[in-house]
Amino acid sequence: MLDTPEAVFEALRENNERPYGTPRTVTAEELVEAAEQFEEKDVLVTALLELMSAYEYAAEHRKSPVVFARILTLWEEVPGSFSEWEARQVLWRHKWVTTSLLQVPDVPLATVDGWVGRMGDRYRAAGEGLQPVAAMRHRIAAHTGADREIAWDLWVTRPRERLSDCLACETRHQGLHHLDAGDDEQALRTWEPVLGGVQSCEEEPWVTQAHALLPLLRLGRTDGARSYHLTGYRHARGRVGMAEETGLHVEFCALSGNEGRALEILAENRALFDTAGAPLSLLGFLTGVQVLTRRLVEQGYDTTPVAGPVGRTWMARELLDHVSERGDALAAAFDRRNGTGAVGERRRARLARRPPLAEPLALGLRTAAVPSPEGEPVVTAPPVAASAREVPEDFVELVEKARELADAGRPGDEELWLRIAERVGADGHVHDARLGPEERLRGELAEHRAFAAMEDEDKAAVKAALAEARELFALAGMPERVLTARARLASVGVEPGPEADEGRAELDTVLAEARALADEGTATAEVRRAYFVVLQCRAFLAHTEAMAALPDVPAELRERFEAAVSEAVAESERLGAPERTVNTRVYAADIAARSGDPERAERELRNVLRVVEAAGTPWRATRPRGLLGQVLLQQHRPEEAMEQFHGALASAAAHGDTAFPVARTHALLGHAADHAGDPGAAVRHLSDGASRLDREGDAAGAAELRVELADVLARADRQADAVAVLESLVTDEAAAGMDERALAQARLLLARGLRELEEHRASAEQFLLLADAVEPWEEQFTHTLVASEAAVALLGAGNEDAARSAYDRAVASHAKGPNPHAVAEMMRDFAAYAVSAGGAEGLEDALEHLRRADEVLTALTGDDEDVARWYQSGATHYQRGRAYAGAERFPEALAELELAIAAHEEGGPRGEAPRAEAVRVAALVEANGLGRPDAALSRLRAAINRCREAGLDQAAGILARVRDEVSSRRGG
């Protein structure tokens, strides 16, 4: 019941805890009505100020000035009803009214100017400085484009005042001034304090992040653009008050090759199309949507379903027409009101923008592809080198070029053979005799079908195509090509055992025939190539058998493999073509690496690269470089590995090698960069790898990379970025295609990330979903871990009853699947909460949790090596000391903290950091609780020196600040 002022005040306090949006605004309106019943106006003042805040942050700019008019009336009639803070708000919120009036084109510009004039009068009367007034005049000038530079000078040359906008907001508008002038670099330099986290407020850094997206993209600073989209959009999502910023995120996605992501953002924000209370923000949103829909239409997606205003279904062309008409009308209304063309010009400039990048920017998110009109996702192939796209129109030239590339062992012929197959299969095709026998061409096409089937690991299709090639080459009178087809048939897709024995016998026969042809004095280059293919096939079959036997390859198999490799290498050198056995040499390196001999693998691969360089065949270096990178990574040499991976990718691109595993190589580059301590490079390559795996249809592989990406981001203190990536993985659609353990890992990282961001309710939801998912697992200790963390998350969310239930669930799970670290940590967290929430009254509850934690640790046996006893003991003593200190039982607190210090000393170097924290609290207890500052200072000096010797500079700095504080209070 809201029948007393106290009840209304309490309801106002509760409403203030809610996020801005419709529920909070409606409640604020109801509370104003309730406050009007009381004779004393202090509660009405508070209710009106709360309602104005709700309107301001929910983009109800048409209503905000009306509420402020009521506040001004009360200010003039009953100024004593305003608290000191509320009196200051009367002056502060004059600025809100200025921006609200600018948002609505129905309000004449003279009215806005007049309002700012009255704001200046009130500031003078109150003895306040006029810099905020100059800031509002600049805001008007920036909007209208009139006298912009004059207003800028009058604003920025004045010192900040008590009522100036917060520093972060002022920095944003200063950067926007430079951005409007076309100076991306200066805008970003100006924004550095906000984007770097030095300046922040309720709106920042998220608003500035949205405005920084395209300048960063234009300047090629894609790492920052990616990060600000991930974190900035998470904050803007679903917020009516951030319609303009959401439009900027949509535009960024459309111009960075992420149209699918932009469509997802539209689907999540359909309510923004009805943002009637903030027409200027709505215009910004509509313009971003127009950039997207025009891109879709330009790419042929006219009839693709998209999310538009609620109430009907939309196709891309229809939504484009709708937002174009609506946006043009709004821009025209503002320009009529302003008497300038600035709003329309800015809108046209945005619509004229084109993608600044040659390739799509990988965002790291799991995003659906743009659906075709039929509803099927369209998978866009990654760009390939220009040389691979040069397809001759003349059919004879086309075939001759494909043969030339194939004979030289050069990549890039795959696309040409596909085109040849299309032409041969077309109605009315007539074979051209200049290309030799028709059977030869059809045999070559069958051979390349076999190669494609190998990539798909379709054993039956491989064998059928090779058998067809063998027969066709025989009909064409090409015995050397028959031999290569037979050799491949005998070696590809062969299982170890009897099948391998048969293949080996066939290969011996084929090799004898090939050697006889190659050793003839009239042997052609084609015959020599065939001979090398047969040698390679023998080595390949031996490689297959050795791979199946790893890690312990029997001596017989190893000798057979090494003999096959040695013979191939020796023959290539005898015939003066060592580059022809590059793949065979790579097999040897591969087996060495997998057998635990990376040093030999490295020697083999570096020798291969020397052979390739000497032969002038750089296209053969691509795969050896990729494998060498893996070998170097295996030897914990990540920087050198990165160099080889980069070289492999560059080689693949330069020579049009579309079969090279680019996605997996980016993944490996990401691993290497992470190990090399370069998280920025790791994020780039893991994001790119995941995006490419998406395009290849490998959803499971992409998800695996994104989990790793999130881990890298979290360890790099980019928790919000990590959470954005993980949220894209646990949607119903994405989760359906993931392995349950990979999904569990993603949920665990997400729940922890949300907790780090203090989004406790969302964190608890993820922990509870995860607890239900892992409960049936045989490894019950995993469920114990998750239930423990869920309990703590629920406590952070303020849901004590559910937290207690999860606590009991974790304890019960621990009895079946022990996880002492997780359970003891949970109990300590509950102890800390008991004291923080209840003070001295919560001490007994806290001590009971800590007693139970001791019981958990006492029950440990000597086999529990995974639990660091020194840490667990020290952490529990530390928390007990904090509990006693919170209850002002200082002697007991100090005793427990001394025990904590001693326990952490048992941990050696690993215990130094927690020991330093225990010393910090012990010193504060001594100085402030027990009145012994000299003892505290002595303790702190020793600990500071100890931390510096251990390389813990941050801990030393924290202790030094405590020392200075204690010394200052002591008087020197």
Side-chain angles (χ1 to χ4, degrees), residues 192 195-198 216 220-231 361-365 593 598-599 601-602 605 625-650 662-692 702 704-726 745-746 748-750 752-753 756-757 907-914 916 947-958:
E192 280 178 4
L195 296 175
V198 176
L216 287 166
R221 292 159 61 176
T222 53
D223 289 352
R226 178 192 298 110
S227 177
Y228 297 152
H229 170 65
L230 295 180
T231 57
L361 172 62
L363 298 176
L365 299 166
E599 293 80 8
E602 182 183 354
L605 290 166
R625 278 189 179 281
L627 183 55
L628 179 56
Q630 295 179 58
V631 169
L632 292 168
L633 194 54
Q634 185 181 357
Q635 297 179 76
H636 309 292
R637 294 155 64 185
E639 293 87 355
E640 295 174 73
M642 290 177 68
E643 181 182 353
Q644 295 301 326
F645 290 138
H646 279 299
L649 288 171
V662 172
R664 289 298 175 185
T665 304
H666 276 291
L668 289 166
L669 252 172
H671 303 328
D674 186 26
H675 286 294
D678 187 349
V683 168
R684 282 194 298 277
H685 291 294
L686 291 172
S687 298
D688 205 342
S691 178
R692 289 173 183 273
E704 181 182 325
L705 278 192
R706 289 191 170 101
V707 171
E708 181 179 357
L709 168 62
D711 182 54
V712 170
L713 288 166
R715 284 187 284 107
D717 199 25
R718 293 169 58 183
Q719 199 64 255
D721 298 48
V723 164
V725 171
L726 292 164
Q745 178 67 15
L748 179 61
L749 290 174
L750 174 57
R752 288 173 172 171
E756 289 295 314
L757 295 176
R910 291 188 299 162
E912 287 299 326
C947 285
R948 286 174 178 158
E949 290 173 3
L952 299 175
D953 293 338
Q954 183 176 7
I958 292 171

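Note that the coordinates shown come from a computational prediction; the quantities given were computed from them, not determined experimentally. Only this structure's heavy atoms are used, side chains among them; waters, hydrogens and symmetry mates stay out.
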Taking all non-hydrogen atoms of both residues into account, name the closest pair between [X] and [Y] and its distance.
{"X": "Phe645", "Y": "Gly626", "answer": "CE2-O, 3.3 Å"}
{"X": "Ser687", "Y": "Gly364", "answer": "OG-CA, 3.6 Å"}
{"X": "Gly629", "Y": "Ala641", "answer": "O-CB, 3.3 Å"}
{"X": "Thr231", "Y": "Ala720", "answer": "CG2-CB, 3.4 Å"}
{"X": "Leu705", "Y": "Gly689", "answer": "CD1-C, 3.6 Å"}
{"X": "Ala690", "Y": "Ala702", "answer": "O-CB, 3.6 Å"}

Would a distance-only check, ignoring hydrogens and angles, find a side-chain to backbone donor-acceptor pair under 3.5 Å from [X] to [Y]?
{"X": "Arg684", "Y": "Asp223", "value": "no"}
{"X": "Gln745", "Y": "Val707", "value": "no"}
{"X": "Arg706", "Y": "Leu726", "value": "no"}

Return the set of residues passing side-chain contact (heavy atoms from CB on, under 4.5 Å) with [X] (not counting sequence neighbours), or none when no residue passes.
{"X": "Arg221", "answer": "Glu185, Leu188, Leu216, Leu219"}
{"X": "Ala716", "answer": "Pro679, Arg718"}
{"X": "Ala663", "answer": "Arg692, Leu693, Glu696"}
{"X": "Arg752", "answer": "Leu748, Arg755, Phe767, Leu785, Glu789"}

I need the [X] [atom1] to [Y] [atom2] distance, nearest 0.5 Å.
{"X": "His229", "Y": "Thr222", "atom1": "NE2", "atom2": "OG1", "answer": "14.0 Å"}
{"X": "Leu361", "Y": "Ser691", "atom1": "CG", "atom2": "OG", "answer": "9.0 Å"}
{"X": "Leu633", "Y": "Gln630", "atom1": "CG", "atom2": "CD", "answer": "8.0 Å"}
{"X": "His675", "Y": "Met642", "atom1": "NE2", "atom2": "CE", "answer": "11.5 Å"}
{"X": "Asp711", "Y": "Leu749", "atom1": "CG", "atom2": "CG", "answer": "6.0 Å"}

Problem - Validation row: Asp721, Val683 side chains within 4.5 angstrom (heavy atoms) - result: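 When only atoms from C-beta onward are counted, Val683 and Asp721 do not touch, as no gap falls below 4.5 Å.
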Practice task
Using a 4.5 Å cut-off on heavy atoms from C-beta on, say whether the side chain of Leu628 contacts that of Leu632.
Solution key: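 Answer yes - side chains close enough.
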Handout entry: Ring geometry between His685 and His666 (parallel below 30°, tilted from 30 to 60°, perpendicular above 60°)
Key =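 Taking His685 first and then His666, their aromatic rings lie parallel (interplane angle under 30°).
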Exercise for the section: Test side chain to side chain contact (heavy atoms under 4.5 Å, CB included) on Glu599 and Gln635 and set out the steps. Expected result: CA-CA 8 Å; Glu599 293 80 8; Gln635 297 179 76; 4.2 Å; yes
Practice task
Can you sort out the partners of Arg948 under side chain to side chain donor-acceptor pair (under 3.5 Å), two or more places apart, ordered by chain and number?
Solution key: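 Once residues adjacent in sequence are excluded, Arg948 has no partner under the side chain to side chain donor-acceptor pair (under 3.5 Å) criterion.
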Practice task
Only counting residues at least two apart or in another chain, list the ones meeting side chain to side chain donor-acceptor pair (under 3.5 Å) with Glu704.
Solution key: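 Partners of Glu704 by the side chain to side chain donor-acceptor pair (under 3.5 Å) criterion come out as none, since no residue qualifies.
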Problem - side chain to side chain contact (heavy atoms under 4.5 Å, CB included) evaluation trace for Arg715 with Asp674 - result: CA-CA 10 Å; Arg715 284 187 284 107; Asp674 186 26; 2.7 Å; yes
Practice task
Step by step, work out the side chain to side chain contact (heavy atoms under 4.5 Å, CB included) result for Asp688 and Leu669.
Solution key: CA-CA 10 Å; Asp688 205 342; Leu669 252 172; over 6 Å; no
